[in-house]
Amino acid sequence: MTQSISLKVPEELAHHLFFPEKETILEKERYAVWSETIPFEAFPYELLYYNNVEAYAPWTKGAMHVKELLERWKGIDSECSLLYSERKAGQTLGLMKQGIGLFLTAVFWMHGQPVALKDIRCQIQSFNNIPVNMDERLSFILARPAFFHSYRQLSELFREFEKQYVKFMIKNKNSQKNV
């Protein structure tokens with residue numbers, strides 16, 4: 001049986017979209033190791049990390065996990081696309097939250113860092129492999145997460161980021177061979 005623990009939402013992750021409350025509950029044992037079967041929750045590894053709870057730190061092998069995060073997005077993307085085509089935008093907020101969380105996670109982990117939502121624009125500007133105008137586009141999405149235009153922007157960001165990720169992996173694979 002897994003034990004749930006109550007965690008304070010650290011200031012690094014405090015954002016009303018992901019954490020409307022000041023505390024959250026996680027099953028600590030689930031995050032001791034990496035598993036593709038873990039259902040999406042907003043930044044569970046980071047919650048544990050910022051609360052000084054020992055757990056797996058996926059950003060230390062971030063590029064390896066980014067591919068899985070991109071695959072998860074494809075499922076969310078399909079669901080969102082269907083809901084918007086059926087004019088059910090009101091049902092997309094949960095999916096968009098997951099998608100935005102996955103995107104941020106992929107970007108931070110590829111750069112070897114845990115997600116930090118505090119001063120996110122400054123954080124993002126320090127990264128090399130990101131889509132053009134990502135900080136402005138992300139601000140738009142975060143301000144209006146359930147809008148169709150936010151979904152289109154997020155979709156585009158994922159598409160552009162995936163290209164950056166592939167380039168990053170090729171470049172790093174080649175630099176590994178030269179060692």
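Numbering of residues begins at 1 and proceeds along the displayed sequence. All values below come from the heavy atoms of this structure, side chains included, with hydrogens, waters and symmetry mates left out.
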Who pairs with [X] by salt bridge (Lys or Arg N to Asp or Glu O under 4.0 Å), at least two apart in sequence or on another chain?
X	value
E162	K74
K163	none
E79	none
E86	K88

- Query: For the residue pair F43 and H15, is the inter-centroid distance of their aromatic rings smaller than 6.0 Å?
  - Reply: no
Report, as yes or no, whether the 6.0 Å neighbourhood of atom [atom1] on [X] holds more than 12 heavy atoms from other residues, nucleotides or ligands.
X	atom1	answer
E54	CD	no
Y49	OH	no
F168	CZ	yes

State, yes or no, whether a side-chain contact exists between [X] and [Y] at a heavy-atom distance under 4.5 Å.
X	Y	answer
L104	L138	yes
T105	H65	no
Y165	L70	yes
V9	E23	no
M96	R144	no
W59	E46	yes
N51	K8	yes
E156	R159	yes

[X] and [Y]: which non-hydrogen atoms are nearest, and at how many Å?
X	Y	result
L13	F19	O-CD1, 3.3 Å
A55	L48	CB-CD1, 3.6 Å
S150	P145	CB-O, 4.1 Å
V33	Y45	O-OH, 3.5 Å
F18	L142	CE1-CD2, 4.3 Å
A89	Y84	CB-CE2, 3.7 Å

Atom [atom1] of [X] and atom [atom2] of [Y]: how far apart are they, to the nearest 0.5 Å?
X	Y	atom1	atom2	value
Q153	S139	CD	OG	11.5 Å
Q164	M110	CD	CE	6.5 Å
L95	S81	CG	OG	11.5 Å
L69	E71	CG	CD	10.0 Å
F148	S85	CZ	OG	9.5 Å
I141	M134	CD1	CE	9.0 Å

- Query: Just checking, is any N or O donor in the side chain of W73 or E68 under 3.5 Å from an acceptor N or O on the other one?
  - Reply: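 Per modelled atom types, W73 and E68 side chains form no pair under 3.5 Å.
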- Message: Looking only at side-chain N and O atoms, does T92 offer a donor or acceptor that is under 3.5 Å from a partner on Y151?
- Response: no
- Query: L154 pairs by side chain to side chain contact (heavy atoms under 4.5 Å, CB included) with which of D77, I76, I100, L102?
  - Reply: I100
- Should W34 and V53 be counted in the same cluster of Ile, Leu, Val, Met, Phe, Trp and Tyr side chains packed under 4.5 Å apart?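 Cluster IDs for W34 and V53 match.
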- Partners passing ring pair (Phe, Tyr, Trp, His ring centres under 6.0 Å) against Y50 (at least two apart in sequence or in another chain):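 Partners of Y50 under the ring pair (Phe, Tyr, Trp, His ring centres under 6.0 Å) test: none.
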- Item | Any donor-acceptor N/O pair, E29 side chain to Q3 backbone, under 3.5 Å |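 Indeed, once roles are kept as given, a pair shorter than 3.5 Å links the two residues.
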- Item | Heavy-atom donor-acceptor pair, S4 side chain to I25 backbone, under 3.5 Å | no
Side-chain polar contacts of residues 114-133 - donor-acceptor pairs under 3.5 angstrom, sequence neighbours left out - could you list them?
unit_1 : atom_1 : unit_2 : atom_2 : d
K118   : NZ     : E11    : OE2    : 2.6
Q125   : NE2    : D135   : OD2    : 3.0
S126   : OG     : Q123   : O      : 2.6

